[in-house]
Amino acid sequence: MTASPRYDVPEPDAFTRAYWEAAAQGRLLLRHCADCGRAHHYPREFCPHCWSENVTWRPASGHATLYTWSVVHRNDLPPFGERVPYVAAVVDLAEGPRMMTEMVRAEPTELRAGMAVEVAFRDRVPVFRPRGNDVPGARDA
């Protein structure tokens, strides 16, 4: 019996390997431009703000605020179908970039735009949860 393909795990390449290795260790990295001083995400080999190629990896704080979210009730790709309903979200990282992610350990009815969230990792992939996990009725990732 052949295992079905998974659509939730990364396929690192030479450029993104550092990002995914850090995530496997529970660390979130961002690209940072030495010329304009701005961070960006998703990872690119150049700065999307000033086009400089003088960019490096830097650790991120893991702190963010919830910008928006949507509850996904149906997804036929493995293993997402086993996780429904889940919360697809966009967060504003403390360092500036906006990041697509998944919210965990919170009921959708308890989410609020602007709420403080922090990074967590599931299967080496960054997800976010309410900061301090002090949300009543929170559930595990």
Side-chain angles (χ1 to χ4, degrees), residues 1-135 137-141:
M1 182 174 194
T2 308
S4 58
R6 295 214 26 204
Y7 297 93
D8 66 327
V9 291
E11 291 186 32
D13 58 24
F15 173 67
T16 62
R17 187 162 282 110
Y19 178 86
W20 294 114
E21 286 176 356
Q25 298 169 5
R27 297 181 301 119
L28 180 63
L29 296 181
L30 295 176
R31 296 292 277 175
H32 185 269
C33 179
D35 289 338
C36 73
R38 294 176 72 180
H40 62 270
H41 187 78
Y42 66 91
R44 301 175 190 97
E45 295 186 49
F46 62 91
C47 175
H49 307 290
C50 73
W51 301 97
S52 171
E53 293 180 5
N54 192 10
V55 291
T56 58
W57 293 107
R58 283 199 185 167
S61 68
H63 293 167
T65 56
L66 182 60
Y67 177 72
T68 191
W69 68 95
S70 179
V71 180
V72 178
H73 293 279
R74 181 175 176 175
N75 189 332
D76 296 329
L77 297 175
F80 297 107
E82 300 164 6
R83 294 183 188 157
V84 293
Y86 63 89
V87 179
V90 177
V91 298
D92 288 329
L93 299 172
E95 293 78 9
R98 193 165 274 170
M99 178 179 178
M100 292 188 67
T101 187
E102 182 180 345
M103 282 297 301
V104 297
R105 299 193 72 167
E107 295 300 322
T109 57
E110 297 162 335
L111 298 175
R112 300 288 179 261
M115 75 184 293
V117 296
E118 63 188 3
V119 73
F121 293 86
R122 181 182 56 215
D123 296 328
R124 304 177 324 272
V125 175
V127 295
F128 281 77
R129 64 184 177 210
R131 195 169 304 159
N133 286 325
D134 55 358
V135 174
R139 58 184 179 172
D140 289 329

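Keep in mind it's a predicted model, so treat the numbers as computed, not measured.
- Val125 pairs by the side chain to side chain contact (heavy atoms under 4.5 Å, CB included) definition with Pro10, Trp20, not counting sequence neighbours.
- For His32, the side-chain hydrogen bond (donor to acceptor under 3.5 Å, both in side chains) partners at least two apart in sequence or on another chain are Arg58.
- Across all non-hydrogen atoms, the minimal contact from Ala89 to Met103 is CB-CG, 3.6 Å.
- The distance from atom OG of Ser70 to atom OH of Tyr86, rounded to the nearest 0.5 Å, is 9.0 Å.
- Listed by chain and number, the residues in a salt bridge (charged side-chain N to carboxylate O under 4.0 Å, His left out) with Glu95 amount to none (sequence neighbours excluded).
- What you find for Met100 and Val90 is that their closest heavy atoms are CG-CG2, 4.2 Å.
- Under the side chain to side chain contact (heavy atoms under 4.5 Å, CB included) criterion, Arg31 pairs with Phe15, His40, Pro43, Val55, Trp57, sequence neighbours left out.
- Arg44 is linked by a salt bridge (charged side-chain N to carboxylate O under 4.0 Å, His left out) to nothing, counting only residues two or more places apart in sequence or in another chain.
- Exactly one of Val87, Thr65, Leu66, Leu93 qualifies for a side-chain contact (heavy atoms from CB on, under 4.5 Å) with Phe128. That residue is Leu93.
- Other residues, nucleotides and ligands contribute at most 12 non-hydrogen atoms within 6.0 Å of the CD atom of Glu82.
- Environment of CZ in Phe80: crowded, with over 12 heavy atoms of neighbouring residues, nucleotides or ligands closer than 6.0 Å.
- Applying the side chain to side chain contact (heavy atoms under 4.5 Å, CB included) test to Ala94 and every residue at least two apart in sequence or in another chain returns Ser61, His63.
- Considering only residues two or more places apart in sequence or on other chains, Asp13 meets the salt bridge (charged side-chain N to carboxylate O under 4.0 Å, His left out) condition with none of them.
- With sequence neighbours excluded, no residue forms a ring-ring contact (aromatic ring centres under 6.0 Å, His included) with Tyr42.
- Across every non-hydrogen atom of Trp69 and Pro108, the tightest pair is NE1-O, 4.2 Å.
- Residues forming a salt bridge (charged side-chain N to carboxylate O under 4.0 Å, His left out) with Asp35 (at least two apart in sequence, or on another chain): none.
- Between Phe121 and Leu28, the shortest heavy-atom distance links the atoms CZ-N, 3.8 Å.
- Counting only heavy atoms from C-beta outward, the side chains of Glu118 and Arg129 approach each other to under 4.5 Å.
- Smallest separation of non-hydrogen atoms from Ala106 and Leu111: CB-CD2, 3.8 Å.
- By the side-chain hydrogen bond (donor to acceptor under 3.5 Å, both in side chains) test, Arg98 is found to be paired with Asp92, residues two or more places apart in sequence or in another chain being considered.
- The existence of a salt bridge linking Glu102 and Arg122 is confirmed by a sub-4.0 Å separation between a basic side-chain nitrogen and an acidic carboxylate oxygen.
- Glu110 contributes a side-chain N or O that, together with a main-chain N or O of Glu107, makes up a donor-acceptor pair within less than 3.5 Å.
- Across every non-hydrogen atom of Met99 and Pro126, the tightest pair is CE-CG, 3.8 Å.
- For His41, the ring-ring contact (aromatic ring centres under 6.0 Å, His included) criterion is met by Tyr19, not counting sequence neighbours.
- Note that SG of Cys36 is 6.0 Å distant from NE2 of His49, once rounded to the nearest 0.5 Å.
- A salt bridge (Lys or Arg N to Asp or Glu O under 4.0 Å) check over residues 59-79, counting only residues at least two apart or in different chains, returns the pairs Arg74-Asp76.
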